[in-house]
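Input: a single structure, listed below in structure tokens.
In this text, all values refer to a predicted model and were calculated from it rather than measured experimentally. Reminder, nothing fancy here: chain letters follow the sequence lines and each chain counts from 1.
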There are 2 protein chains.
Amino acid sequence: MTPRPRHLPSEERRAEAVEAVIRLAASTNPEEITTSAIAARMKLTQGALFRHFPTKDAIWQGVMEWVSDRLLARIDRLAGAEADPLAALEAMFLGHVDFIAEHPGVPRMMAGQLQNAGETPAKRLARTLVENYGNRLRRILAAARAEGVVPPGLDIDAAATLFLGMVQGLVMQHLIHGDSARMRADASRVWVIYRAGLLAAEHAQEGRA
Amino acid sequence: MTPRPRHLPSEERRAEAVEAVIRLAASTNPEEITTSAIAARMKLTQGALFRHFPTKDAIWQGVMEWVSDRLLARIDRLAGAEADPLAALEAMFLGHVDFIAEHPGVPRMMAGQLQNAGETPAKRLARTLVENYGNRLRRILAAARAEGVVPPGLDIDAAATLFLGMVQGLVMQHLIHGDSARMRADASRVWVIYRAGLLAAEHAQEGRA
DNA sequence: TGTCAAAGTAATTACTTACTCACATAATGG
DNA sequence: CCATTATGTGAGTAAGTAATTACTTTGACA
């Protein structure tokens with residue numbers, strides 16, 4: 001077996017760095033992840049990192065792309081395998097929770113990027129991910145309404161917001177209890193209530209302008 | 001009218017500092033709020049801050065106490081004014097959203113504290129707030145179940161988690177769109193679905209252990 | 001009015017951060 | 001095998017951080 005070469009091509013180092021950030025974020029406040037910490041986990045010098053990334057935000061861009069690609073691919077695969085829109089939504093939701101259980105730092109990183117003051121490229125990627133996610137939700141919800149499995153008056157935007165909130169609520173519980181297995185179990189229980197809300201939501205808001 | 005004295009008692013300066021942090025957090029990433037920035041907003045030197053707080057985390061403690069006191073007092077007042085448990089929940093929810101609209105930095109600060117690695121006093125205060133909030137939710141939900149306004153099989157813990165998630169989802173939308181008025185409007189629409197979910201949730205989960 | 005402690009300043013501390021640079025080493029292709 | 005280029009090192013840099021310190025100002029009160 002060939003020994004691991006000591007100099008690796010830039011592309012592989014970039015992938016290594018992204019992975020290092022994801023794993024560091026699982027146990028550290030993302031804002032406190034320094035280039036030194038990333039380099040240390042890669043067994044490189046801090047300066048060597050800048051052979052592969054022009055700036056620290058470029059690392060964050062790589063991370064956000066990684067998250068976006070993997071998360072969207074997963075929910076598309078899961079949702080695509082279900083014929084019933086409600087089953088697709090449930091698969092998306094449970095798949096998302098699994099993703100977070102596997103990579104607990106991800107929601108923290110997302111939130112951290114989104115609340116950065118300036119308009120960094122990494123922040124834009126994070127926002128785009130949320131938008132793409134929302135679009136997929138609304139598409140499936142619209143299909144459900146068209147097929148008549150949810151009431152015609154269901155407020156699709158509100159349902160999408162609540163869906164994302166459902167994930168966030170579980171993340172917050174996870175942050176407090178720190179138990180991934182519990183998060184998955186809670187997910188199913190929360191889904192029951194959400195699903196009931198979709199099916200029973202009052203039709204069209206009448207009255208007040 | 002007496003001119004504002006140039007030396008103020010420590011207690012007043014502490015209150016000023018807390019207010020300064022709350023307002024700074026509305027437009028800045030809380031992690032990036034420096035003692036210099038706080039002092040600047042108070043029109044003081046950076047060093048002067050440490051006449052009133054022994055350490056920076058002590059400032060965060062003051063902030064978390066401020067949040068805890070104000071938020072819990074508000075939701076208790078609103079919920080206490082309603083006889084019907086569901087009306088109480090709705091008042092709590094809308095009051096919470098109003099609170100966030102008034103102080104947009106608050107949820108960001110909370111999240112920032114909760115994900116700090118070490119066990120700082122400020123972090124403990126943040127977690128205690130979430131726990132107290134959850135306890136109030138569960139108490140009202142239990143009352144609703146006892147009065148029969150929600151099905152006897154309603155999963156109260158899951159309902160509380162989803163309630164907190166509902167708030168979080170709105171915060172995330174607010175983070176992306178940056179429109180407080182819209183957040184309040186969305187809140188009512190999301191509430192419709194949540195409420196329907198409470199009322200219609202399947203009774204007791206039968207089957208699998 | 002003079003005294004004195006509390007409150008404020010300006011400069012400085014030790015430390016951390018992202019990023020750079022001169023130089024060394026490893027991989028690769030003629 | 002040698003020359004070239006990509007990758008890595010170790011020691012920097014400048015900018016910022018929380019906290020400290022020697023000294024001044026302020027305000028209250030005997």
Side-chain angles (χ1 to χ4, degrees), chain A residues 1-21 24-25 28-64 109 112-113 116-118 120-123, chain B residues 1-21 24-25 28-64 109 112-113 116-118 120-123:
Chain A
M1 47 188 181
T2 53
R4 176 189 168 102
R6 294 181 191 160
H7 285 30
L8 284 187
S10 228
E11 201 178 348
E12 291 185 35
R13 287 296 191 205
R14 280 196 289 268
E16 270 188 22
V18 166
E19 202 183 330
V21 170
L24 280 169
T28 325
N29 186 338
E31 316 261 355
E32 288 171 359
I33 296 178
T34 66
T35 54
S36 297
I38 301 171
R41 182 160 286 235
M42 298 169 67
K43 302 196 173 164
L44 280 185
T45 351
Q46 185 251 2
L49 254 189
F50 290 87
R51 294 273 174 212
H52 312 296
F53 296 92
T55 181
K56 194 193 182 187
D57 191 69
I59 306 180
W60 281 113
Q61 287 178 55
V63 172
M64 297 319 294
M109 297 184 321
Q113 290 299 320
N116 269 341
T120 74
K123 180 179 178 179
Chain B
M1 44 187 179
T2 51
R4 176 191 169 99
R6 295 184 189 158
H7 286 202
L8 286 185
S10 227
E11 201 179 348
E12 291 185 34
R13 287 296 192 203
R14 281 196 289 269
E16 270 189 22
V18 166
E19 201 184 331
V21 170
L24 280 169
T28 324
N29 187 337
E31 316 262 356
E32 289 170 358
I33 296 177
T34 66
T35 53
S36 298
I38 301 170
R41 181 160 284 236
M42 298 170 68
K43 302 194 174 169
L44 280 186
T45 350
Q46 184 253 357
L49 254 187
F50 291 87
R51 295 271 173 215
H52 313 296
F53 296 93
T55 182
K56 194 193 181 189
D57 191 69
I59 305 180
W60 280 113
Q61 287 178 56
V63 172
M64 296 320 295
M109 297 183 322
Q113 289 299 320
N116 269 341
T120 73
K123 180 179 179 179

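Looking at heavy atoms from C-beta onward, A:L44 lies in side-chain contact with A:R13 at the 4.5 angstrom threshold. Considering only heavy atoms from C-beta on, B:N29 comes within 4.5 Å of A:E31 through its side chain. Counting heavy atoms from C-beta outward, A:I38 and A:V21 have side chains that approach closer than 4.5 Å. Under the 4.5 Å side-chain criterion, counting only non-hydrogen atoms from C-beta, A:E32 is in contact with B:N116.
Each of B:S36 and B:H7 lies near DNA chain D, and the nucleotide nearest B:S36 is the one positioned closer to the 5' end. Nearest-nucleotide positions on DNA chain C place A:E32 closer to the 5' end than the other of A:G47 and A:E32.
Residue B:R6 places at least one side-chain N or O under 4.0 Å from the OP1 or OP2 atom of D:dT26.
In this structure, CZ of A:F53 is placed 12 Å from P of D:dG8, rounded to the nearest angstrom. Going from atom CZ of A:F50 over to atom P of D:dG10 covers 17 Å, rounded to whole Å. Rounded to a whole Å, the CG atom of A:L44 is 9 Å from the C1' atom of D:dT7. Nucleotide D:dT26 holds its C1' atom 12 Å from the CZ atom of B:R13, rounded to whole Å. Whole-Å rounding puts the A:M42 CE to D:dT7 P distance at 12 Å.
With hydrogens and angles left out, the side-chain atoms of B:Q46 and B:T35 include a donor and acceptor closer than 3.5 Å.
Between atom CZ of residue B:R51 and atom CZ of residue B:R14 there is a gap of 14.0 Å, rounded to the nearest 0.5 Å.
B:L8 comes within 4.0 angstrom of the backbone, heavy atoms only, and of no base.
Running 5' to 3' along DNA chain C, contacts with non-hydrogen atoms of chain A at under 4.0 Å begin and end at C:dT17 to C:dA27.
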